[in-house]
Amino acid sequence: YILIEERTKQGSWPNDKIYTRFSVNSRYQNLHPTEPGKTGLVNLGNTCFMAAALQCLGQTVPLVDFFLTGAFRKDINRENPFGQKGELAENFCELLKDLWSSKTAVHEPRSLKKAIEHCDARFAGYQQHDSQELLVFLLDGIHEDLNRVKVKPYVEKIEGGSDDKDVDIAKFAWDGHKSRNDSIIIDFFQGQLKSTLTCPNNARVSVTFDPFMYLTVPIPVKTTRRILVKLYYIKPGEYPEKFGVVVEKDGKISDLVNELSRLSGVADSRLVIVEVLASRFYKLYYPHDCVSEIRENDKIHAHEIIPKKNLSPKISEPPRRPPPPVPTAVNQPSTTLNSTNPFDDPPLDVPPADVNLPAFAPNPGVHAEVEVPPAGVDTPAACIGTPAAIVDVPAGVDTPTAVNIPAADVNIPAASVDI
């Protein structure tokens with residue numbers, strides 16, 4: 001069934017008589033009654049948030065005893081401008097009676113929901129709301145309906161110093177709070193928080209105690225993850241095993257290996273972690289790799305191996321060739337290159353004067369003796385005989401293979417002239 005309601009001009013909802021055909025008795029008449037305290041609540045739309053809060057309060061033993069024994073009636077404050085003149089407390093009592101009754105299996109908290117809507121329009125309708133907000137509102141509303149203080153006096157805030165005892169300050173602050181707020185909710189659902197402030201200028205310390213009814217605490221964030229690893233042993237005939245290895249999310253593969261070694265009893269030096277895809281090794285993980293590289297659906301295998309041993313002796317480097325012998329020094333002039341350029345030719349050793357220089361070899365400036373034939377005689381190239389004339393060849397000039405011998409009537413240049 002789908003039930004559509006229209007709010008009246010006065011802001012109220014239609015009479016409960018229209019819900020007769022949808023009543024609990026007709027819908028759940030085949031259900032057997034439950035034990036006291038185990039009665040369920042019907043969701044009125046998306047009101048599971050309200051059912052959760054009401055079931056929590058319905059299992060609070062001091063509160064249940066206070067209402068079911070009727071002790072709450074003498075505390076109803078119908079003159080409190082902050083309350084609902086007892087309407088919220090009385091509807092809550094009817095709810096507890098059904099929850100702890102052995103005559104029904106479920107309860108429809110429609111009357112209590114209307115009382116809540118009348119107090120706070122935020123919870124009007126059948127939309128989803130925050131369960132904690134409803135719980136705080138419900139406790140505060142019941143407190144105002146059952147506040148034993150008819151006239152609230154003015155109370156100054158109690159403030160202590162560094163020399164005062166916390167026990168004394170807390171007692172004075174609590175007594176001041178109780179002088180204005182005194183109910184079953186204050187007795188079982190409220191406490192005190194200590195606040196300390198220190199002035200940075202004069203180092204004065206201020207200590208106060210404030211009442212609270214609920215604390216907001218952060219939900220712990222899980223920093224670990226569980227990785228399923230299938231371990232293959234090296235021993236023949238031993239079946240593989242699966243291990244759920246718990247490691248830090250920001251850990252390394254070495255942490256995974258160490259934990260797997262602890263669970264399996266296999267030394268960490270004998271374990272290799274790989275990823276398997278399509279029955280083949282897809283990736284090899286090294287100890288320095290991050291655990292975050294492993295995704296949730298990856299198939300991770302561990303294989304026991306034999307650690308690699310260096311069985312062959314260390315082969316030393318072959319001996320280097322000995323350096324070439326240093327040539328014997330001769331008493332001949334030599335040229336030394338004074339260039340500091342590393343790409344220049346190294347200094348050359350000057351051979352003795354009686355050594356035949358090869359063709360096109362640099363002549364370091366020694367005296368070359370050339371025989372001059374008589375006039376009219378054709379002399380073949382490179383014909384060298386008894387020296388008849390001395391030609392001074394300067395340093396750095398290549399000795400040619402053949403020398404053109406001038407005629408007899410030609411003046412031979414001086415020793416300082418280049419040939």
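In this text, all values refer to a predicted model and were calculated from it rather than measured experimentally.
The heavy-atom pair separating Phe49 from Ser131 by the smallest distance is O-OG, 3.1 Å. Ala89 and Phe67 get closest at one heavy-atom pair: O-CE2, 3.5 Å. Closest of all the heavy-atom pairs between Leu228 and Lys242 is CD1-CB, 4.1 Å. Closest approach of His107 and Thr39 over heavy atoms only: N-CG2, 4.0 Å. Closest non-hydrogen pair, Val155 versus Ser179, comes out as CG2-OG, 3.3 Å. Listed here is the closest heavy atom pair of Leu54 and Leu41: CB-CD1, 3.9 Å.
A salt bridge is absent between Arg78 and Glu144; no separation between the charged side-chain nitrogens and carboxylate oxygens falls under 4.0 Å. In summary, Arg225 and Glu296 engage in a salt bridge, as defined by a charged side-chain N under 4.0 Å from a carboxylate O. Looking at Arg262 and Asp268, no side-chain N of the basic residue comes within less than 4.0 Å of a carboxylate O on the acidic one, giving no salt bridge. Between Glu94 and Lys97 there is a salt bridge, with a side-chain nitrogen of the basic residue lying less than 4.0 Å from a carboxylate oxygen of the acidic one. Taking 4.0 Å as the cut-off between side-chain N and carboxylate O, Arg295 and Asp298 count as a salt-bridged pair. With respect to the salt-bridge test (charged N to carboxylate O, under 4.0 angstrom), the residues Glu87 and Lys85 do not qualify.
Listed for the Asp255 side chain is a donor-acceptor partner under 3.5 Å among the backbone atoms of Lys252. No side-chain donor-acceptor contact under 3.5 Å links Asn91 to the backbone of Ala115. Judged purely by atom type and a 3.5 angstrom limit, Thr69 uses its side chain to pair as donor or acceptor with the backbone of Asp65. Asn147 places no side-chain N or O within donor-acceptor distance of the main-chain N or O of Asn181, the cut-off being under 3.5 Å. The main-chain N or O of Gly58 is found under 3.5 Å from a side-chain atom of Trp100 such that the two form a donor-acceptor pair.
Residue His118 places its NE2 atom among 12 or fewer non-hydrogen atoms of other residues, nucleotides or ligands, all under 6.0 Å distant. In Phe212, the CZ atom is crowded: over 12 heavy atoms of neighbouring residues, nucleotides or ligands sit closer than 6.0 Å. Other residues, nucleotides and ligands contribute more than 12 heavy atoms inside 6.0 Å of the NZ atom of Lys249. Counting heavy atoms of neighbouring residues, nucleotides and ligands inside a 6.0 Å radius, atom NZ of Lys152 exceeds 12 of them. Taking a 6.0 Å sphere around CZ of Phe172, one finds it holds 12 or fewer heavy atoms contributed by other residues, nucleotides or ligands.
A distance of 12.0 Å separates SG of Cys93 from CG of Leu88, quoted to the nearest 0.5 Å. In this structure, CG on Leu135 lies 8.0 Å from CZ on Phe189, to the nearest 0.5 angstrom. For the atom pair CG (Asp250) and SG (Cys290), the distance works out to 8.5 Å, reported to the nearest 0.5 Å. The distance from atom CG of Leu138 to atom SG of Cys56, rounded to the nearest 0.5 Å, is 11.5 Å.
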Q: I would like to know whether Leu146 and Asn77 meet side chain to side chain contact (heavy atoms under 4.5 Å, CB included); could you show each step before the answer?
A: CA-CA 6 Å; Leu146 302 179; Asn77 189 346; over 6 Å; no
Q: List the steps, then state whether side chain to side chain contact (heavy atoms under 4.5 Å, CB included) holds for Val61 with Phe66.
A: CA-CA 9 Å; Val61 177; Phe66 182 76; over 6 Å; no
Q | Stepwise salt bridge (Lys or Arg N to Asp or Glu O under 4.0 Å) check, Lys194 with Asp210 | A | CA-CA 7 Å; Lys194 178 184 176 181; Asp210 301 315; over 6 Å; no
Q.
Between Glu241 and Tyr233, is the side chain to side chain contact (heavy atoms under 4.5 Å, CB included) condition met? List the steps.
A. CA-CA 9 Å; Glu241 291 185 89; Tyr233 297 98; 2.5 Å; yes
Q) Can you list the steps and then say if Thr47 with Lys113 is a side chain to side chain contact (heavy atoms under 4.5 Å, CB included)? A) CA-CA 9 Å; Thr47 59; Lys113 185 179 184 304; 3.8 Å; yes
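For Asn46 and Gln127, the side-chain atoms include no donor-acceptor pair closer than 3.5 Å. Defined by atom type and a distance below 3.5 Å, a donor-acceptor pair is missing between the side-chain atoms of His143 and Gln190. A donor atom on one side chain and an acceptor atom on the other are not found under 3.5 Å apart for Glu304 and Tyr232.
Under the side-chain contact (heavy atoms from CB on, under 4.5 Å) criterion, Phe281 pairs with Val274, Val276, His303, sequence neighbours left out. For Lys178, the salt bridge (charged side-chain N to carboxylate O under 4.0 Å, His left out) partners at least two apart in sequence or on another chain are Asp182, Asp187. Listed by chain and residue number, Glu35 satisfy the side chain to side chain donor-acceptor pair (under 3.5 Å) test with Lys38 (two or more places apart in sequence, or in another chain). The salt bridge (charged side-chain N to carboxylate O under 4.0 Å, His left out) check on Lys165 picks up nothing, with sequence neighbours excluded. Scored by the salt bridge (charged side-chain N to carboxylate O under 4.0 Å, His left out) test, Asp289 finds no partners at all (sequence neighbours excluded). Taking Ser206 as the reference, Glu159 meet the side chain to side chain donor-acceptor pair (under 3.5 Å) condition, with sequence neighbours excluded.
In this structure, the ring of Phe137 has its center less than 6.0 angstrom from the ring center of Phe123.
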